[in-house]
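First comes the structure, then the notes that go with it.
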Amino acid sequence: MAKLYTHNSIKKLNDLKPKEETVNFLLNYSKALSVINCNKMTFETVLN
Amino acid sequence: MQHEIIPDAALVTNYITGDESALEILITRHKQKIYSFIYSKVYDRDITEDIFQDTFIKVIRTLKRGAYNEEGKFLPWVMRISHNLVIDHFRKNSRMPKFDNTGEFSIFSVLSDSSLNAEKQIIKDQVESDVRRLVDELPEDQKEVLLMRIYNDMSFKEISDKTGVSINTALGRMRYALINLRKIIDKHNIVLTN
């Protein structure tokens, strides 16, 4: 039988995690975002 | 030491009331599941990262706007958002997933050339001409019914109307036509397969 010399490039799905910076970005985005409701209107502001 | 696990619903409520650390717990708790889910669809780390980020941006905005109604289903809700974003991604990218052909998955397992190759085309032509010759050998009444049924795709009702015989007669003629064809094929050992 022929030998297979290929590696599975698709990593095991269990040890997949997002990058640290992605998570940090999300947390910072969450802190910066403020939503103001005013007379049926919604304003979203992202503070620096 | 015993860790008390705060349910998602409580964390969501805390987050809506301004507790930013609740979001961190939610992300940490579910990031692996959501990330793997997206990766299992797109098979690309960078795109997965983008979709993961977009998913949580949507989550954050919805929660902050107060548009989320808690039904104890935080994770399925986030999964649904990521699923929709994956679909959007494929729609944008000309409706085709990208595969790098380096893993066990082979692109050729999903692509196939349905057209016949030269050899098979010749065999097909040969078989068709054999069948035509066989049909020509049939008695005229049987041949007529067979041609109408198989080649003109007529119903037996239509055949009986057109030939002026009853449906049962038309059915009988069809039956004899097939029996006779099989007889000739057996007798001459004709192979009619591609």
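Every value quoted in this text rests on a predicted model; they were computed, and no experiment measured them. Labels below follow one simple rule: chain letters A, B, ... track the order of the sequence lines, proteins then strands, and each chain is numbered from 1.
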Given the rule that I, L, V, M, F, W and Y join up when any side-chain heavy atoms are under 4.5 Å apart, are Ile57(B) and Leu26(B) in one cluster? yes
With a 4.5 Å cut-off on heavy-atom pairs, point out which of Lys31(B), Arg61(B), Lys33(B) contacts chain A the most. Arg61(B)
Assigning hydrophobic clusters by single linkage (Ile, Leu, Val, Met, Phe, Trp, Tyr; side-chain heavy-atom cutoff under 4.5 Å), is Met41(A) placed with Val35(A)? no
Using salt bridge (charged side-chain N to carboxylate O under 4.0 Å, His left out) as the criterion, list what pairs up with Asp130(B), not counting sequence neighbours. Arg133(B)
Does Arg65(B) have more than 12 heavy atoms from other residues, nucleotides or ligands lying within 6.0 Å of its CZ? yes
How many angstroms lie between OG1 in Thr48(B) and NZ in Lys17(A), if you round to the nearest 0.5 Å? 15.5 Å
Measure distances from Asp54(B) to the heavy atoms of chain A and classify the residue's part below 4.5 Å as side chain, backbone, both or neither. neither
Find the distance between NZ (Lys19(A)) and OH (Tyr35(B)) and round it off to the nearest 0.5 Å. 7.0 Å
Using the rule that Ile, Leu, Val, Met, Phe, Trp and Tyr join whenever any side-chain heavy atoms are under 4.5 Å apart, tell me whether Ile179(B) and Leu146(B) fall into a single cluster. no
Specify the closest pair of heavy atoms between Leu16(A) and Gln32(B), including all atoms of both residues, with the distance to one decimal. O-CG, 3.2 Å
Would you say OH of Tyr176(B) has more than 12 non-hydrogen atoms from neighbouring residues, nucleotides or ligands within 6.0 angstrom? no
Return the minimal non-hydrogen interatomic distance between Leu26(A) and Leu23(B), and the atom names on each side. O-CD2, 4.4 Å
Do any of residues 161-171 of chain B have a heavy atom less than 4.5 Å from a heavy atom of chain A, and if so, which, in residue order? none
Turns out that what part of Phe37(B) lies under 4.5 Å from chain A's heavy atoms comes down to neither
Would you say Leu63(B) and Ile6(B) are hydrophobically clustered, going by side-chain heavy atoms of ILVMFWY under 4.5 Å? yes
In terms of hydrophobic clustering (I, L, V, M, F, W, Y; side-chain heavy atoms under 4.5 Å; direct or indirect links), are Leu138(B) and Ile150(B) co-clustered? yes
Please name all residues satisfying salt bridge (charged side-chain N to carboxylate O under 4.0 Å, His left out) with Asp136(B), sequence neighbours left out, ordered by chain then number. Lys143(B)
If a pair satisfies salt bridge (charged side-chain N to carboxylate O under 4.0 Å, His left out) and one of its residues is in residues 13-30 of chain B, list it, with sequence neighbours excluded. Asp8(B)-Arg29(B), Glu20(B)-Lys64(B)
Distance check, rounded to the nearest 0.5 Å: Leu27(A) atom CG versus Ile27(B) atom CD1? 4.5 Å
